[in-house]
Chemist: 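Sharing a structure below in structure tokens format, with a few things to ask.
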Amino acid sequence: MGVLNNNETIAGVEVFSVLLEQETPYLGSLRKGETINEYGYFIRNGNKTVYPQKNSSIVVRIWTNSDVVGWGETYGLVAHNATATIIKDLLKGFVIGRNPFDVECIYEDLYDMMRVRGYHGGFYHDALAAIDIALWDIVGKLSKQPLARVLGGIRSTTIPAYVSGLPESTLEKRCELALSWQKRGFNSFKFALPIADEGITSEIKELRHYLGENAKIACDMHWAHNRDEAVLLVDKMLKYRPWFIEAPVATEDINGLGWVSRSTKCAIASGEEWRTVYDAKLRIDKGACQIIQPEMGHTGVTQFMRIARYAQAHHLSIIPHATIGSGIFLNASIQASAAIQNVVSHEYQHSIFGAFNHFTTGNITCQSGFYSLPSGYGIGAEPTQEMKSKMKLL
């Protein structure tokens, strides 16, 4: 194995877009005043955020001189060609020829290349994340081990899951959807403020009524409020015992996040938009959140683990985020989560998982309130023929 590792080099890198077509846009049908422009985008009124009419993702294929293939994935929802161009025009040339077992060294070298120019997040880091996941996948395959074991050990083969998003047009339908998942063994939920059309208090009140006193109900506020507004809204929800409040203020308002955390009696969650442990450190050191939510599609494996370990060193709970993707970075996220002691739950995007689970091989499931750890080496998943038919080489 030692000789093989020393001689193993990265031989090629390819980047693809993947169409993830669904009839209903993410978060549900368009609300009044929300219109799709000529480029296929629209803005949600509730959080002023742009979304695509048709979802897509960026997938990376990396192979070695011994034909071991690793797969990575990152965000491709908006302007996916920006991320793809960074990979194929810049990063690819600095990855080919490296030993895949030097995965963290490769990550750090790529990160260093543009840090003085201010490129330490955004599209640039998303590109790093896709490459990083693919390299860790190769390391697992060459080691003949699942990624979780390579990262330190498998703490559990199952991870609690919470149902995220209730993409229905009315409050009654959203409550009925949540109840249908409860009947399938799930008892943790999160609703999104941008589509809580009757107001945040009515939303959680009705969900509590439908789901009962033992259900966990969280609220994603989507960075849509200032600190004073956020505290008032959280206070209105306290009667209905929210599990946690996610993203109450704008991401750059770190002091505001800390103020909300100190001013409310509910756990504050943050981390979906972070790329690195440096983002986490700025918030954690201020005591600004109690729950940390790393997103594999933004962080890659290396920074996912660094964020999680920093959170764990501060005795904070970890509930990884899950976004829209083909399943590649979700499998990586479940693998990494299985190696982390303080993971208490993991987001379950049921409208994405169910629609695209056939896009990847492997045996990952999410049933009766739990994810199962994928078996197999590396991340435990590769594109199926169905997914490959939707992939376009960029």
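Residues: numbered from 1 along the sequence shown. Predicted model only: the values in this text are computed from it and were never measured.
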Chemist: Output yes when Asp197 and Arg31 qualify as a salt bridge under the 4.0 Å nitrogen-oxygen rule, no when they do not.
Modeler: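 Judged by the 4.0 Å cut-off on N to carboxylate O distance, Asp197 and Arg31 do form a salt bridge.
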Chemist: Could you tell me whether Asp279 and Arg275 make a salt bridge, using a distance below 4.0 angstrom between a side-chain N and a carboxylate O?
Modeler: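 No salt bridge links Asp279 with Arg275.
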Chemist: If we check side chain to side chain contact (heavy atoms under 4.5 Å, CB included) with Leu193, which of these qualifies: Asp220, Ile200, Ile245?
Modeler: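 Only match with Leu193 under side chain to side chain contact (heavy atoms under 4.5 Å, CB included): Ile200.
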Chemist: Could you verify whether a donor N or O on one side chain and an acceptor N or O on the other, from Asn55 and Glu21, lie under 3.5 Å apart?
Modeler: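 No, because no side-chain N or O of Asn55 sits under 3.5 Å from a partner of the opposite role on Glu21.
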Chemist: Apply salt bridge (Lys or Arg N to Asp or Glu O under 4.0 Å) to the pair Asp235 and Lys265, showing each step before the final yes or no.
Modeler: CA-CA 8 Å; Asp235 284 348; Lys265 297 179 180 179; over 6 Å; no
Chemist: So Phe356 and His358, would you call those rings parallel, tilted or perpendicular, with 30° and 60° as cut-offs?
Modeler: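 Taking His358 first and then Phe356, their aromatic rings lie parallel (interplane angle under 30°).
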Chemist: Return yes if a side-chain donor-acceptor contact under 3.5 Å exists between Ser333 and His346, otherwise no.
Modeler: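 Ser333 vs His346: donor-acceptor pair found between side chains.
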Chemist: Taking only Lys NZ, Arg NE, NH1 and NH2, and the carboxylate oxygens of Asp or Glu, determine whether Glu176 and Lys183 approach each other closer than 4.0 Å.
Modeler: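 Result for this pair is no, no salt bridge flagged.
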Chemist: In terms of side-chain geometry, is the basic nitrogen of Lys388 or Glu382 positioned less than 4.0 Å from the acidic oxygen of its partner?
Modeler: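 So Lys388 does not pair with Glu382 through a salt bridge.
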Chemist: Got a salt bridge between Glu206 and Arg174, using NZ or NE/NH1/NH2 to carboxylate O under 4.0 Å?
Modeler: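 Answer for the salt bridge query: no.
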Chemist: Hydrogens and angles aside, do His321 and Glu295 bring a side-chain donor and acceptor to less than 3.5 Å of each other?
Modeler: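 There is such a pair between these side chains.
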Chemist: Quick one about Ser317 and Asn342 (side-chain donor to acceptor, distance below 3.5 Å, no hydrogens or angles considered), yes or no?
Modeler: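 The criterion, which ignores hydrogens and geometry beyond distance, is not satisfied for Ser317 and Asn342.
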Chemist: Against Trp181, only a single residue in Tyr210, Tyr348, Tyr162, Phe189 fulfils ring pair (Phe, Tyr, Trp, His ring centres under 6.0 Å); can you say which?
Modeler: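 Exactly one option meets the ring pair (Phe, Tyr, Trp, His ring centres under 6.0 Å) with Trp181, and it is Tyr348.
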Chemist: Hey, are Thr302 and Asp132 close enough side-chain-wise for a donor-acceptor pair under 3.5 Å?
Modeler: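 Present: a donor and an acceptor within the cut-off.
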Chemist: Between Arg98 and Asp102, does any NZ, NE, NH1 or NH2 come within less than 4.0 Å of an OD or OE carboxylate oxygen?
Modeler: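 Looking at Asp102 and Arg98, the cut-off is not met.
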Chemist: For residues Thr360 and Ala381, report the shortest heavy-atom separation together with the two atoms involved.
Modeler: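 In terms of heavy atoms, the two residues are closest at CB-CB, 4.1 Å.
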Chemist: What do the steps show when you test Tyr371 against Ser337 for side chain to side chain contact (heavy atoms under 4.5 Å, CB included), and what is the final call?
Modeler: CA-CA 11 Å; Tyr371 279 104; Ser337 297; over 6 Å; no
Chemist: Is it the case that one hydrophobic cluster holds both Leu128 and Phe101, taking links as side-chain heavy atoms less than 4.5 Å apart, direct or via other members?
Modeler: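 As far as the 4.5 Å side-chain criterion goes, Phe101 and Leu128 are connected within one cluster.
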Chemist: Assess whether a salt bridge exists between Glu14 and Arg61, defined as any Lys/Arg side-chain N lying under 4.0 Å from an Asp/Glu carboxylate O.
Modeler: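 The answer is yes: the pair qualifies as a salt bridge.
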